[in-house]
Structures are given as structure tokens and as C-alpha cells.
**Q** 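Here you go, one structure.
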Amino acid sequence: MPQRALVLIDIQNDYFPGGKWPLTGIESAAENAARVLAAARKHGDLVVHVRHEFPTPDAPFFTPGSPGAQIHPQVQGVGSEPVVLKHHVNSFRETDLRELLDRHGVQEVVICGAMSHMCVDAGVRAASDLGYSCVVVHDACATRDQEFAGKVVPAAEVHAAFMAALQFGYATLVSTDEYLAAASGK
């Protein structure tokens with residue numbers, strides 16, 4: 001049984017150009033996530049795909065049953081890789097993610113995905129609070145510009161602030177290249 005799991009959070013079509021909620025840097029993040037995914041499969045790690053759907057059809061994105069709510073082809077599951085469907089920001093809330101990880105003896109979760117400031121942040125914090133060791137592959141995550149108090153905060157700054165906070169108290173942060181170099185040494 002694997003003791004490490006790769007959890008790919010919300011790398012879905014609506015976040016890509018032409019989708020309902022495109023993110024800055026999502027194409028590069030997805031390419032990096034695909035590289036991490038290939039390594040996880042090679043090493044026999046558990047791979048879990050998390051897919052978000054809002055519960056109502058009037059959602060701004062990830063509407064139920066829509067093409068935009070589907071996992072992007074670059075990181076789609078193969079074989080028996082589980083897909084966790086969620087309806088909240090936190091991938092553990094009202095899902096079977098924790099049971100799935102525990103059933104496979106997972107002690108360390110490696111997280112990639114979107115959005116850095118929402119579902120990645122919530123998932124990492126929850127995983128850490130549940131006792132898992134967390135690794136975030138920071139350049140395999142993406143977000144978008146945010147606005148606060150009338151000021152637009154560029155996506156790169158949003159991403160950096162959230163990655164810094166996660167690194168401070170919740171996770172080890174690495175680049176894709178750093179992760180792959182370490183993984184190949186195992």
C-alpha cells in the first residue's frame with residue numbers, strides 16, 4: 001500500500017482559456033501537475049483526483065454535468081484512480097477523501113491544483129490538521145487576480161502570499177523540478 005498520495009485539486013476545464021473562470025498560469029500549472037502525476041504513477045503512489053461541482057445550475061462555473069466541470073484532459077484519471085466529487089472549498093468536507101487516504105495507509109499528501117487561495121489552501125490546511133504530512137508543488141498550482149478594498153491584487157501576489165502562509169505552518173513547498181528530483185531518488 002502506498003504511504004504517499006498525490007491529490008490533484010480542481011484542475012478542471014472552466015479554469016482554462018475559454019472556460020467560465022480562467023486562471024492566470026493554469027496552463028503551466030497543469031503541465032507541471034501532469035509531470036508530477038506521471039512520476040506518482042511510476043512510483044506507485046495513490047493518485048486522487050478531486051473535482052468540484054457547485055450544487056446548483058446557476059453557479060458561476062463548475063455547473064453540474066457541464067464540460068467545464070470535467071477534469072482537464074492533461075491530468076485525467078486512468079484505470080482505478082479515484083475521483084472525489086466535492087461541493088465545498090475544502091476537499092475533505094462532506095467527501096470520502098479522508099477515508100480513502102486512511103484506507104490506503106497514506107501518511108503524506110502531495111497537493112497540486114487550483115485555486116491557490118481557495119481550494120488548495122483549504123485542502124492543505126485540512127490535511128495538516130488531520131495529521132497528514134503535506135507537500136505543495138507550488139508551480140503546479142494557479143489562481144487569478146483578486147480584489148480587496150478597491151485594490152486589485154495580481155494573481156502572482158495572491159499565489160505568493162498563500163504559498164508563503166502554507167509554508168510557514170502547514171506544508172513543505174517545492175517546485176516541480178525539486179519534487180521530481182527528490183522522487184526519483186527514492
**Q** Same cluster for Val124 and Val135 if Ile/Leu/Val/Met/Phe/Trp/Tyr side chains link at under 4.5 Å?
**A**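 Not linked; separate clusters.
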**Q** We want to know whether Tyr179 and Asp139 form a side-chain donor-acceptor pair, criterion being a heavy-atom distance below 3.5 angstrom.
**A**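 No.
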**Q** Decide whether Leu8 and Val89 are clustered together by the hydrophobic rule: side chain heavy atoms of Ile, Leu, Val, Met, Phe, Trp, Tyr closer than 4.5 Å, transitively.
**A**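 Yes.
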**Q** Would a single hydrophobic cluster contain both Met118 and Ile71, if residues Ile, Leu, Val, Met, Phe, Trp and Tyr are joined by side-chain heavy-atom contacts under 4.5 Å?
**A**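 Per the 4.5 Å side-chain linkage, Ile71 and Met118 are co-clustered.
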**Q** Does a side-chain N-to-carboxylate-O contact under 4.0 Å join Asp14 and Lys20?
**A**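 Between Lys20 and Asp14 there is no salt bridge, as every charged N stays at least 4.0 Å from the carboxylate O atoms.
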**Q** Decide side-chain contact (heavy atoms from CB on, under 4.5 Å) for Asp177 and Arg35; before the verdict, give the C-alpha distance in whole Å, the side-chain angles of both, and the deciding distance to 0.1 Å.
**A** CA-CA 9 Å; Asp177 288 342; Arg35 292 172 58 207; 2.6 Å; yes
**Q** Are Leu46 and Val106 close enough that some pair of their side-chain heavy atoms sits under 4.5 Å apart?
**A**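 Yes, their side chains come closer than 4.5 Å.
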**Q** Quick check: closest heavy atoms across Arg51 and Val83, and the distance to 0.1 Å?
**A**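 Here Arg51 and Val83 meet closest at CB-CG1, 4.2 Å.
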**Q** Would you check, one step at a time, whether the test side-chain contact (heavy atoms from CB on, under 4.5 Å) holds for Glu53 with Leu85?
**A** CA-CA 7 Å; Glu53 276 190 1; Leu85 178 63; 4.0 Å; yes
**Q** Which heavy atom of Pro67 sits nearest to which heavy atom of Asn13, and what is that distance?
**A**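 Between these two residues, the closest heavy atoms are O-ND2, 2.9 Å.
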**Q** First locate atom CG of Asn32, then atom CD of Glu27, and finally report the distance between them rounded to the nearest 0.5 Å.
**A**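 Result: 12.5 Å between the selected atoms.
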**Q** Judged by atom type as modelled, is there a donor-acceptor pair below 3.5 Å linking the side chain of Thr63 to the main-chain atoms of Ser66?
**A**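 Between the backbone of Ser66 and the side chain of Thr63 there is no qualifying donor-acceptor contact (under 3.5 Å).
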**Q** Can you give me the closest heavy-atom contact between Cys112 and Cys141, atom names plus distance?
**A**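 Smallest heavy-atom distance, with atoms named: CA-SG, 4.0 Å.
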**Q** Would you please name every residue forming a side-chain contact (heavy atoms from CB on, under 4.5 Å) with Pro154, sequence neighbours left out?
**A**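 Applying side-chain contact (heavy atoms from CB on, under 4.5 Å) to Pro154 gives Asp145, Glu157.
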**Q** Report yes if the side chains of Ser116 and Met163 come closer than 4.5 Å at any heavy-atom pair, otherwise no.
**A**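 In contact.
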**Q** State, to 0.1 Å, how close Val110 and Val137 come at their nearest heavy-atom pair, and which atoms those are.
**A**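 Val110 and Val137 have their closest heavy atoms at CG1-CG2, 3.8 Å.
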**Q** Would the distance check show the side chain of Ser184 and the main-chain N or O of Ala181 forming a donor-acceptor pair, the cut-off being under 3.5 Å?
**A**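 Side chain of Ser184 to backbone of Ala181, a donor-acceptor pair under 3.5 Å: yes, one is there.
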**Q** Say you draw a straight line from CD1 of Ile111 to SG of Cys119; how long is it, rounded to the nearest 0.5 Å?
**A**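 These two atoms lie 11.0 Å from each other.
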**Q** If you look at every heavy atom in Leu23 and Ala142, which pair is closest and at what distance?
**A**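 So the two residues come closest at CD1-O, 3.8 Å.
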**Q** With sequence neighbours left out, write down each residue that passes side-chain contact (heavy atoms from CB on, under 4.5 Å) with Glu178, or none if nothing qualifies.
**A**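 For Glu178, the residues satisfying side-chain contact (heavy atoms from CB on, under 4.5 Å) (neighbours in sequence not counted) are Val174, Ser175.
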**Q** Please step through side-chain contact (heavy atoms from CB on, under 4.5 Å) for the pair Val50 and Asp10, ending with a clear verdict.
**A** CA-CA 6 Å; Val50 176; Asp10 301 352; 3.9 Å; yes
**Q** Applying side chain to side chain donor-acceptor pair (under 3.5 Å), can you list everything that pairs with Asp129, at least two apart in sequence or on another chain?
**A**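 Counting only residues at least two positions away or on another chain, Asp129 forms no side chain to side chain donor-acceptor pair (under 3.5 Å).
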**Q** Same cluster or not: are Val47 and Val84 linked, directly or through other Ile, Leu, Val, Met, Phe, Trp or Tyr residues, by side-chain heavy atoms under 4.5 angstrom apart?
**A**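 Val47 does not cluster with Val84.
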**Q** Can you find a pair of side-chain heavy atoms, one from Arg144 and one from Tyr15, that are under 4.5 Å apart?
**A**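 Answer no - side chains too far apart.
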**Q** Among the clusters formed by ILVMFWY side chains lying less than 4.5 Å apart, do Val120 and Leu101 turn up in the same one?
**A**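 Linked within one cluster.
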**Q** Side chains of Lys86 and Phe62: closer than 4.5 Å at any heavy-atom pair?
**A**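 A side-chain contact is absent here, since even the closest heavy-atom pair is not under 4.5 Å.
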**Q** Test side-chain contact (heavy atoms from CB on, under 4.5 Å) on Leu173 and Leu166 and set out the steps.
**A** CA-CA 8 Å; Leu173 272 74; Leu166 290 176; 4.2 Å; yes
**Q** Starting at CE of Met115, measure out to OG1 of Thr24 and round the result to the nearest 0.5 Å.
**A**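 These two atoms lie 11.0 Å from each other.
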**Q** With sequence neighbours excluded, give me every ring-ring contact (aromatic ring centres under 6.0 Å, His included) pair touching residues 20-40.
**A**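 Qualifying pairs: Trp21-Phe61.
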**Q** Could you check if a side-chain atom of Val48 sits within less than 4.5 angstrom of a side-chain atom of Leu100, using non-hydrogen atoms only?
**A**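 Yes, side chains in contact.
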**Q** Flag the pair Val78 / Arg41 as yes when at least one side-chain heavy-atom distance between them is below 4.5 Å, and no otherwise.
**A**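 Yes. Closest side-chain heavy atoms under 4.5 Å.
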**Q** Under the ring-ring contact (aromatic ring centres under 6.0 Å, His included) rule, what pairs show up with a residue in residues 64-89, not counting sequence neighbours?
**A**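 Qualifying pairs, neighbours excluded: Phe16-His72.
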**Q** Do Val136 and Gln167 come close enough that some side-chain heavy atom pair is under 4.5 Å?
**A**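 No. Closest side-chain heavy atoms not under 4.5 Å.
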**Q** If you take all heavy atoms of Leu37 and Leu6, which pair is closest and at what distance?
**A**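 Closest approach of Leu37 to Leu6, heavy atoms only: CA-CD2, 3.5 Å.
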**Q** Report yes if some heavy atom in the side chain of Ile26 is under 4.5 Å from a heavy atom in the side chain of Pro17; otherwise report no.
**A**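 Side chain of Ile26 against side chain of Pro17, heavy atoms only: contact under 4.5 Å found.
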**Q** Does Ala155 offer a backbone N or O that forms a donor-acceptor pair with the side chain of His159 under 3.5 Å?
**A**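 Between the backbone of Ala155 and the side chain of His159 there is no qualifying donor-acceptor contact (under 3.5 Å).
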**Q** If hydrophobic residues (ILVMFWY) are linked whenever their side-chain heavy atoms come closer than 4.5 Å, directly or via other members, who joins Phe162 in its cluster?
**A**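 Traced through the cluster, Phe162 reaches Val153, Val158.
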**Q** Just by distance, no angles: are the side chains of His49 and Glu81 close enough, under 3.5 Å, to form a donor-acceptor pair?
**A**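 Yes - a donor-acceptor pair under 3.5 Å links their side chains.
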**Q** Rounded to the nearest 0.5 Å, how far apart are CG of Leu180 and OG1 of Thr176?
**A**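 Atom-to-atom, Leu180:CG and Thr176:OG1 are 6.5 Å apart.
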